[in-house]
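Numbers restart at 1 for each chain; the letters A, B, ... are given by sequence-line order, proteins then strands. Both backbone and side-chain heavy atoms feed into the values below; hydrogens, waters and symmetry mates do not.
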There are 2 protein chains.
Amino acid sequence: MAEQDNGRAKRGQRRGARGPTVADVARLAQVSPMTVSRVVNSDPKVHETTRAKVEKAIAELGYVPNLAARSLAGGRQCRIGLLHSNPSAAYLSEFLVGSTEQANAMGAQLLVEHFEEEASRDELAAKLLLHRVDAVLLPPPLSDDVLLLECINRAGMVMAQVATGAPSPLAHAVTIDDEAAAFGLTARLIALGHKRIGFIGGAPNQTASALRRNGYRRALESAGIDADRRLETTGDFTFRSGMDCALALLALDERPSAIFASNDDMAAATIAAAHRMGLDVPRQLSVCGFDDTASATNVWPELTTARQPVADMAREAVRLLVDSVFDAKARTPRHVRVDFSLVLRQSDTGVAVSA
Amino acid sequence: MAEQDNGRAKRGQRRGARGPTVADVARLAQVSPMTVSRVVNSDPKVHETTRAKVEKAIAELGYVPNLAARSLAGGRQCRIGLLHSNPSAAYLSEFLVGSTEQANAMGAQLLVEHFEEEASRDELAAKLLLHRVDAVLLPPPLSDDVLLLECINRAGMVMAQVATGAPSPLAHAVTIDDEAAAFGLTARLIALGHKRIGFIGGAPNQTASALRRNGYRRALESAGIDADRRLETTGDFTFRSGMDCALALLALDERPSAIFASNDDMAAATIAAAHRMGLDVPRQLSVCGFDDTASATNVWPELTTARQPVADMAREAVRLLVDSVFDAKARTPRHVRVDFSLVLRQSDTGVAVSA
DNA sequence: TTTTACCTTGGTAGCGCTATCAACAGCAAT
DNA sequence: ATTGCTGTTGATAGCGCTACCAAGGTAAAA
C-alpha cells in the first residue's frame, strides 16, 4: 500500500522507480537523449568533449542501458538455440559457461534445448522456428549430425558447429586440430619408449574420432613403428565402452604398454581396467586421454591429456552467430581454429617401458 | 536499395518484416490488440469464444510474443545473477541446464558470474548492482557463505540458496534432506553386514557436510554400533582429499570394511585408493558416495549414491526468485525441500563382510 | 564573400507490448 | 423503469531506446 518513493521522482504514472534512463543522463549531461545513445553505442561521430560529459553523467547516475528497450527499438533481436544431446556433463558445463557469458555480453538470448537421439529433426527445426530462434549452436556430437545441419539450414537459420571433424559449408565451425593433438600425445608416448601402443577410438559417427585415429596412426608411422590393427579398438566415448576396449586390449597376447584413449572418460576407464587386472598405472601401463575434462583429474593417477579450450570455443561460436544474425555480410560460413595444449600429468610418466 | 517486400505489407517505415505482432493477430481475429494480449497471458477474464478465435488466429499466423517488448511494456524485468565458484563441473552443468531452462521459460535473464574465493564480497555486490541484477542464485558452496548472503541482502537483492544445510532467514532455500539421505546410505551399509564403516566428510565450511555426518552417526547409533571417531575423516569434496582420507582410513589397524564418502568425487577417489592398495571393490571394501553426479558412473564399479535432483532444484530456485522479483508478496523467504532418492549400483553390493 | 562540404547534434516517430481506466453489455435487485 | 452490479472488451498512453532525417555549426573550397 505505502507508495514508497525511494528518493527518486516517479517518472510515468506506471509503477515506481526503475533505473535511470537515457533521458536522465541526457538531462544531467545537458545533451539530447540521442547523443547519450550514441555514446553508449560508441558511435565514432561524437565529439570528445561531449563524450566525456556524457560518460561522467553515466558514471554518476550508474546508468545501465535497458536491453529490452534496446532490442525493441533497434529491431535487432538474436536468439540462439543451443542444442545438446548427452555430451559429457563436464563438457557441457564448460560449454554452457562460455556460451551464456558471451550471449549475455552480446545481448543475445540463449535457449538451451535438449535433443533426444530419437527425436525427429524436422520437428526440432519446427520447434526452433516456433521459438523464433535465429541461430543454432551445435556442440558435439550434434555438430556432426549432417541431417540435422541440412534440416536447420533449410529452415533458414545460421549455425555453428563446435569441435566437429568435418566443417560443413553450411555452417560456421570452431575446432581444434584434433589430428595434431592426437599426434602429439602419441608421439609423447613413443618418446617415453613405448612401442606397442593401444588405441581406443571414439564414436564412429563423430568425425573427430577419425581425426584422432589418424593422428595416432601418423605418429606411429613417422616413428617407424609398424601398425598392428589388433591394437586399435573402437568405443563410443563412454566410460563403459572404454572399460570394454581396455579389457580387450589388456587381454591381448602381446599386451600394449601404453594406451591412448580418445577421451578422458575412456582413459579413466582404462585406468580402472588396469587396476582391475592388477596392473599399476603408469608403472606397468601408460595411459593418456583427450579433452582435459573434469574426469582427467578425478582419477588416480591424473591423466595426461589434450586440452580443448571448450569455454573459449563456445564463446567464439556465439560471437560468430550473433555477428551473422545482426550483419548479413558476416553470414558466409567461417571456420575458426583455436589452439589446443597438451597437459602432462602422471598417467603416462612411468619408467619408460620397452615392449 | 531494392526495397524487397517479402509478401507482407511493411509496417513501419523501419526495416522490413519481422514476425507477426499482436496487431496482426487482432486484425485477423477481429478483436483488439489488448484482448490478444490477454489471451496470450491467459488472463481468466476472456470469454471462451473470444479465446478460441484468438488462439486460432495465433496458430494461423504462427505468432510468438516479443519478449523484449513485453518486458519493456510490462515494466517487469528480471535479471538473475548466478554466482558459482568452482563447484564440480558435473554439478554445475546440471545446475546450469535447469536454471537456464527455467529462466528462459519465465522470461528472466540469467547472468552467469564466476566468483573467486579471494574476491571481495562487497565488490561483487557492487558489480551485481551495476549489472542491474535483481536476484541472486547461489549453488553450493556459495549458498553457505554467510558473509556473502549478508552482503547481497544489504544491497537489496533477493537470493536463493540451493543445497545449503543452513537456510538463512534472508533468502529462499531449496534443499534436500541431507541428513536423511546420509542416514539411508549408512543404514544400507549396515544392512549389508558392515560394522566398521569409515566416513569421509565434506568441506567443514559447507553446512551440508555436517548434516551428512549427522546422518552417518545417527544410523550407526540407531543400529547400536559404537562410534569410533578414528573412522571419521574430513575432506573438502575434492578427489584429492578423498584419496588422502581413504588412504588414511585403509591404513588403520582395524580397517573399515565400508566407507561412506560425502560426495561422489571422494567416493571415486576411495575406489582408486582401494585399487591402489590392492583391495577389490566391493568384495573387500564397500563404498558409497553422494550426489549422483557423472563421477558416479565414471568409475568401476559404479557408485551407490544418493541422488539430488540438481536441475529440478535449480529450476525451483529460479522460480522462487522470479516470483519474488515480480511480486513483492512472494518475497518472504521460503524453504522448499525436494525429494532425494538412493541409487543402488555396484560399489557396495559385495558379499557382506563382517568386521 | 559565397558555396560546398563536412562534422556534430537534436527532433520526431515509432519498435511490440501491456497497465490503466473507461465503456458497454447482460442480468439481478430495488 | 431505475439502480447496481459482474463480466468482458476496447482506447489510450506510454515503457526506454534507436533509426531516420533535418538542422546548426565550422572549415575548406570556389
_It should be established whether A/Thr35 places a side-chain nitrogen or oxygen under 4.0 Å from OP1 or OP2 of nucleotide C/dT8._
no
*For DNA chain D, which residues in residues 40-52 of chain B have a heavy atom at a distance below 4.0 Å?*
B/Lys45, B/Val46, B/His47, B/Thr50
*A/Gln161 (side chain) donor-acceptor with A/Ser168 (main chain) under 3.5 angstrom*: yes
*How many Å lie between CZ on B/Arg38 and C1' on D/dT9, as a whole number?*
6 Å
_Can you identify which nucleotide, out of C/dG11, C/dT20, D/dC17, has its nearest atom closest to the A/Met34 side chain?_
C/dG11
*Just by modelled atom types, is the A/His172 backbone N or O under 3.5 Å from a matching donor or acceptor in the A/Arg334 side chain?*
no
*Check every atom of D/dG10, D/dG16, C/dC17 against the side chain of B/Asn66 and return the nucleotide holding the closest atom.*
C/dC17
*asked:* In this structure, how many angstroms lie between the P atom of D/dG16 and the CD1 atom of A/Ile58, rounded?
replied: 16 Å
*Over 12 foreign heavy atoms within 6.0 Å of CD, B/Glu116*: yes
*Could you state the atom-to-atom distance from CG of B/Leu72 to P of D/dG14 in whole Å?*
14 Å
*Write out the stems for DNA chain C, ordered by first number and formatted as range with range, counting runs of at least 3 consecutive Watson-Crick or G-U wobble pairs under 3.5 Å.*
C:5-27 with D:4-26
*asked:* Can a donor-acceptor pair be found, under 3.5 Å and without considering hydrogens, that links the side chain of A/Arg337 to the backbone of A/Thr175?
replied: no
*Length of the line joining B/Gln30:CD and D/dG10:C1', which is rounded to integer Å*: 15 Å
*Starting at CZ of A/Arg27 and ending at P of D/dG16, how long is that distance when rounded to a whole Å?*
11 Å
*Give the minimum heavy-atom separation between B/His84 and B/His114, together with the two atoms involved.*
CE1-ND1, 3.2 Å
_If we ignore hydrogens and angles and just use 3.5 Å, is the side chain of B/Ser99 paired with the main-chain N or O of B/Ala314 as donor and acceptor?_
no
*Side chain of B/Ala73: nearest nucleotide among D/dG10, D/dC15, D/dG16?*
D/dC15
*Exceeds 12 heavy-atom contacts within 6.0 angstrom, atom CD of B/Glu150*: yes
*Taking A/Asn41 for its side chain and A/Ser37 for its backbone only, find out whether a donor-acceptor pair lies under 3.5 Å.*
yes
*Ignoring hydrogens and angles, tell me if any N or O in the side chain of A/Asp323 forms a donor-acceptor pair with the backbone of A/Leu320 under 3.5 Å.*
no
*Please work out if B/Val31 contacts a base, only the sugar-phosphate, or nothing of the nucleic acid, heavy-atom cut-off 4.0 Å.*
sugar-phosphate
*Under 4.0 Å between a side-chain N or O of A/Ser37 and OP1 or OP2 of D/dT18?*
yes
*Taking only side-chain nitrogens and oxygens of B/Thr21, does any of them come within less than 4.0 Å of OP1 or OP2 of C/dC15?*
no
